[in-house]
Amino acid sequence: MKRPWLVGLGLGAALFGTVGVAVSVGSTAIGWTNVYEVLGRHLLGLETDVSPTVDRIVWQLRLPRAVLAGIVGGGLSIVGVAMQTLVRNPLAEPYILGISSGASAGASLFYLGFLPPLLSETLTMPVAAFLGGLASISLVYLVAQDGPRVSVARLLLAGVAMSALMGSLTSFITFSSPEPDKLRAVLFWLLGSLNGARWIELPIPALATGLGLICLLGLARPLDAMLVGEEPAQSLGMPVEALKKGIIVLAALVTGTLVAVSGAIGFVGLIVPHAVRLLAGVPHRRLVPLSFLSGAIFLCWADIAARTILPAQELPVGILTALCGVPFFLALLRRRNYRFG
Amino acid sequence: MVLHRSALALAVLLVVGACGTSNSDRSDTVGTDDLGRTVEIAPPIERTISLAPNLTELIYAAGAGSTLVAVTSSDDYPPAVDSLDRVSALPIDFEAVATKSPDLVLATDQINPPGDTETFEALDVPIYFFSFDSLDDVFDALRTTGSLIGTEARARDSAQALERQLSALRARTDSLSSEERPRVLVLIGDDTLYSFGAGSYIHELVEVAGGRSITASIETKAPTLSEEFVLTEKPDVIVGAWGSNYDSDRLLELHPTWDVVPAVRNGRGYGLPSNLLLRPGPRLLQGARRMAAHLHPDRFGDLDRPSVRADSPISSPSAKTTAVER
């Protein structure tokens with residue numbers, strides 16, 4: 001099995017190159033030499049005489065933003081992998097099961113000040129988003145529970161319905177908000193944006209995504225078994241119900257944290273795992289890390305597009321994920337004989 | 001047959017009679033609004049509705065405030081609007097507007113969707129749309145409002161008073177050389193960087209106040225600027241619609257990389273009341289004067305004093321004429 005390693009190496013190199021491009025282009029034109037002088041100064045301690053403006057643009061705006069794009073894209077993709085395996089359905093992604101929309105609703109409630117003072121003082125926005133996502137997926141899960149087991153069809157239906165409900169809740173909150181300034185900020189954020197990423201904001205999402213990555217890698221074999229079916233997995237002695245619950249909490253944790261920093265960026269979690277299955281096969285020990293890399297690369301490019309399409313301006317990256325991803329995805333689907341699981 | 005003929009004669013009489021009354025009492029006026037639509041109104045105009053706060057201010061400045069039967073839920077000026085009924089403008093509450101049976105509804109494509117005109121036409125409610133792309137558009141709209149509602153003289157006086165204020169300010173700032181004019185960034189939000197692109201009146205306002213707007217060449221009308229743009233353009237002053245009590249330290253809190261931007265480094269981020277910047281109406285000149293005072297505190301600091309600020313033609317309804325004549 002040499003190919004997966006090649007794919008992995010290729011993706012790793014591509015991610016490196018992508019970050020290189022991401023710091024070199026943006027809404028303003030900066031020469032390549034200047035960009036790499038800045039990187040050389042910060043990474044290698046070289047002496048350079050780049051203007052402080054260029055230094056800030058490259059080191060404080062573009063690089064943390066590219067890193068955040070990688071963390072968010074990778075995190076959403078592995079959550080997508082976990083959700084698709086959990087429900088054994090290729091349609092599953094954080095958005096469809098109501099986690100993203102629940103997290104959006106939680107974050108909007110918090111940000112626009114609609115929570116009781118006691119709650120809003122003890123919570124932070126990531127925690128509010130996590131709780132929103134967890135509440136939403138828990139409700140979906142409870143509805144889907146059929147005796148001791150979880151019905152996949154009900155899970156999907158309840159998830160779609162919950163998404164719609166949380167979406168209206170968010171719209172209602174934003175629409176009835178008395179503060180126009182915050183409202184504008186929330187609208188931009190709801191469309192999904194990596195704007196304003198700073199180094200100090202990165203550790204929490206990085207931690208959440210890292211935790212998700214490690215846990216899912218550790219669970220690679222049980223996840224493979226789940227894909228075959230719950231009964232075979234159970235007969236192999238796996239605690240299937242505990243595994244399901246664990247995956248749901250993990251998905252809510254990662255998605256909630258990521259939604260809190262970047263808004264609801266759809267579509268990454270849906271298409272990236274499928275694209276990776278097409279390229280490298282189904283086993284999770286490959287699928288999870290490769291999805292992480294591909295998701296990171298994909299969102300980086302979508303964000304590069306968001307920063308460069310309109311000169312001097314910002315576009316919410318959530319608008320572009322589908323725009324960039326769908327043509328590629330449809331072409332892949334058409335070209336290969338795709339089988340899920 | 002006889003019956004038929006007399007019925008016909010009666011019908012003809014009725015039609016002619018109807019035409020006669022229509023010609024004498026309801027001499028319909030036809031105008032072309034800023035969307036290029038033909039708007040028919042039937043004077044006297046006694047019941048008007050404003051669908052945007054700046055239009056309300058223009059109606060009062062045109063001396064037609066007494067015709068207003070409803071304003072939007074966002075209206076807060078002049079104080080007389082407090083006693084008026086409110087209708088929702090965004091989204092438009094067609095029923096509430098139609099129920100008030102207005103003779104004329106004023107709208108602006110800044111806020112109201114031009115597609116709504118069809119529904120208003122079906123409801124037989126005359127609606128007139130304004131566009132505001134320059135300061136002249138504001139003065140023109142003031143005069144048009146007056147002639148639509150029938151207070152031409154008052155509207156003309158108010159418009160002239162505003163134009164005099166504009167030329168008075170221009171006379172003071174015209175002497176500035178282009179090096180003396182700071183590069184100004186006007187923002188609507190301080191967190192998400194909503195701003196004004198090409199074709200906005202705001203650039204003229206900045207120019208009159210003695211500055212140069214750095215977003216005038218951005219093609220999008222309502223751009224969301226990137227932080228990089230601000231860093232590379234290096235504005236000398238940042239003016240925002242954030243209220244007079246704005247603490248400019250917040251800019252650095254929200255955008256830590258801006259410590260190299262001259263406006264932030266020199267503490268030259270200023271908030272102005274949003275209604276003086278974002279409402280293309282009679283109070284824009286107040287906004288321009290206060291901006292001038294911020295841009296050139298040494299030369300035009302006096303423009304920020306209340307005595308100069310209180311001369312808006314609509315600030316004191318009882319002393320309107322005197323205020324206008326000043």
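Residue numbers start from 1 in every chain, and the chains themselves are labelled A, B, ... in the order their sequence lines are given, proteins ahead of strands.
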Verdict with supporting geometry, T257(B) and R198(A), side-chain contact (heavy atoms from CB on, under 4.5 Å): CA-CA 10 Å; T257(B) 51; R198(A) 299 186 215 161; over 6 Å; no
Listed by number, the residues in residues 192-209 of chain B that come under 4.5 Å of chain A (heavy atom to heavy atom) are T192(B), Y194(B)
Residue pairs meeting salt bridge (charged side-chain N to carboxylate O under 4.0 Å, His left out), one or both in residues 163-178 of chain A, sequence neighbours left out, come to none
Distance col, row I57(A):CD1 vs F229(B):CZ, nearest 0.5 angstrom, shows 11.5 Å
- Exceeds 12 heavy-atom contacts within 6.0 angstrom, atom CG of N245(B): no
Rounded to the nearest 0.5 angstrom, the NE2-CG distance for H255(B) and L61(A) is 10.5 Å
Query raised in the report: So, R62(A) and E228(B), do they make that salt bridge, N to O below 4.0 Å?
Result: yes
Please list, one pair per line, the donor and acceptor atoms closer than 3.5 Å that link side chains of residues 309-317 of chain A to other protein atoms, with sequence neighbours excluded.
residue, atom, partner, partner atom, Å
Q313(A), OE1, T220(B), OG1, 3.2
Q313(A), NE2, T220(B), OG1, 2.8
E314(A), OE1, R65(A), NH1, 3.3
E314(A), OE1, R65(A), NH2, 3.2
E314(A), OE2, R65(A), NH1, 3.1

Looking only at D55(A), V54(A), T28(A), most heavy-atom pairs under 4.5 Å shared with chain B are made by T28(A)
Next item on the list: For atom CG of L191(A), decide whether the heavy atoms of other residues, nucleotides or ligands shown that lie under 6.0 angstrom number more than 12.
Entry: yes
Residues 210-219 of chain B vs chain A, non-hydrogen distance cutoff under 4.5 Å, contacting residues -> I218(B)
Most contact-rich option vs chain A, by heavy-atom pairs under 4.5 angstrom, among V261(B), D259(B), D191(B), is D259(B)
